[in-house]
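Below is one structure, written out as structure tokens, with a few remarks after it.
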Amino acid sequence: MSPTDRNPDQSAPALLTVRGLQKSFGDNQVLKSIDLTVARGKVLALIGPSGSGKTTVLRCLNGLEIADGGTIEIIGADDATHAPVTIDFAAAHGSRSGVPKKTLGTLRDRSAMVFQHYNLFPHKTVLENVMEGPVVVQRRPRAEVEAEALALLERVGLGEKRDSYPFELSGGQQQRVGIVRALALRPTLLLFDEPTSALDPELVGDVLRLIKELAAEGWTMVIVTHELEFAREVASEVAFVDGGTIVEHGDPKEMLRNPQHERTRQFLHRLLFPF
Amino acid sequence: MTESTWQLLLDSLWPLIHGAITGTIPLALASFAIGLVLALGLALMRLSRRRWLSSIAQVYISIVRGTPLLVQLFVIFYGLPSLGVVIDPWPSAIIAFSINVGGYAAEVIRAAILSVPKGQWEAAYMIGMSHRRALTRIILPQAARVSVPPLSNTFISLVKDTSLASLILVTELFREAQQVAAFSQQFMALYLEAALLYWLICLVLSSGQGVLEKRLDRYVAH
Ligand SMILES: Nc1ncnc2c1ncn2[C@@H]1O[C@H](COP(=O)(O)OP(=O)(O)O)[C@@H](O)[C@H]1O
Ligand SMILES: [Mg+2]
């Protein structure tokens, strides 16, 4: 239910290392050069203006998008049995076929994403949504997966909704199912793309509280968010993304109070004083 | 109408129904089943990133939709023998109707697949699915719901179009009607009777469509 390593030790190697990640769509160079490291059990918050490339970073980390250059290295759930994998995108020349299928599969196996618009499967019940990946893709025993899925749903207060279809749930409930679906895959890295920005304001709290609990349990996460207060409380580090690069990063409390760069300052000001 | 006309209608009812049961309905069902498989393949070819695959499907669909079904039927049954390919009436009809359904249903299925939000593909990939598995387990079930109404229309059209098979000597509802009409010279009565039977079949199919839609609707907000 939670990462094997609940007490990350400081000397542990970075769980995720991104170096010089580049991505273009046609002539539009969305990611110029992104560098990130996240240690095991840490939470990185990505903030930045709309269109700056935050979602693209997450999509590259989940293998939904193939970068044109740079490397992604991710270690496994358990150092003893899972070797780190490194994908060198420059060698792949931005084509899906250039990246070994197995390596891409490993990247996908080790990370799980929670989407801005939940993206639950509408033709499957809540329980089926959660079990689909572990049973159909990972081929784990159905009974074991079901017990685990029910425990997770119970934990987020949705045990009763196991047989409901997504359309019968509120946005906040759907997003909690989205989070459970990601957890059930037993990833090493959790990715959140603005998990609350599609929610009605009164439903935001439940979802943020859940993410905060997961952080406290030692899950390693990268979270794109506009909730500054949340980032301050939960993140170990904040990175400000603008124009396809990381303009500055650092301790959340420090950086959000006293940003070093003018662009960061302007962005934070706009977020705090929208009109 | 005279009493003898009524008697004729009554007497011909069984041959016509028999023609529907042994001709019209199996012909439509077989052609629709084969046509759907063909259509799914064509729709996937159309959506393929490989340009040449997509082009082949596009040309196929264009030809099928741009030529009359009756002409397609005649090419296969009366045309091919001159190339030394002789096909019996029944297989000829099934081939022609399947090819035709394939062309029309391909576009329906393609549109239905495209109507499934991109986020569904992404969520499927996110949980580790391959393209094929995402398609079969996540995308097609949702596309199926969207394609039921248009595919039902295709099927209903097909049922009516099977009457064309009478022109290549397939014994089905309309050919039975023609034969009784020619024998009795009661054209109006027999052809109206045939029309009524086609209508009844289509009414049953329409209500079947409603049931199917309701069943597939269980996961959609009303
Ligand atoms: N699949 C795509 N094709 C073309 N352009 C894209 C695609 N995905 C994202 N972009 C572009 O990349 C830029 C960054 O997008 P995104 O990563 O979604 O930014 P953010 O999440 O920070 O708002 C935007 O200008 C967007 O239009
Ligand atoms: Mg975004």
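What you see below is based on every heavy atom in this structure, not just the backbone, and it leaves out hydrogens, waters and symmetry mates. The sequence lines fix the lettering, A, B, ..., with proteins before strands; numbering per chain opens at 1.
Side-chain contact between B:Met126 and A:Leu185 is present, with at least one heavy-atom pair separated by less than 4.5 Å. Within the 4.5 Å cutoff, the side chain of B:Glu122 has heavy atoms near those of the A:Arg59 side chain. Here the side chains of A:Phe121 and B:Ile127 are in contact, with some heavy-atom distance below 4.5 Å.
Within the 4.5 angstrom heavy-atom criterion, only side-chain atoms of A:Phe115, from C-beta onward, approach chain B. If you measure heavy-atom distances from B:Arg137 to chain A, the contacts under 4.5 Å come from both the backbone and the side chain. Contact of A:Leu120 with chain B is made through the backbone alone, with heavy-atom distances under 4.5 Å. Both the backbone and the side chain of A:Glu132 come within contact range of chain B, each with at least one heavy atom under 4.5 Å from a heavy atom of that chain. Interface remark: A:His123 contributes backbone and side-chain atoms alike to the contact with chain B (heavy atom separation under 4.5 Å).
In terms of heavy-atom proximity, B:Tyr125 sits nearest to A:Arg108 at O-CD, 3.0 Å. Nearest approach of B:Ala123 to A:Asn119, heavy atoms of both residues: CB-O, 3.4 Å. Looking at every heavy atom in both residues, A:Val137 comes nearest to B:Arg133 through CA-NH1, 3.9 Å. What you find for A:Pro122 and B:Gln142 is that their closest heavy atoms are CG-OE1, 3.2 Å.
Enclosure of atom CD in A:Glu160 is not indicated, since only 12 or fewer non-hydrogen atoms of other residues, nucleotides or ligands lie within 6.0 angstrom.
By number of non-hydrogen pairs under 4.5 angstrom with chain B, the leading residue of A:Leu191, A:Thr125, A:Val136 is A:Val136.
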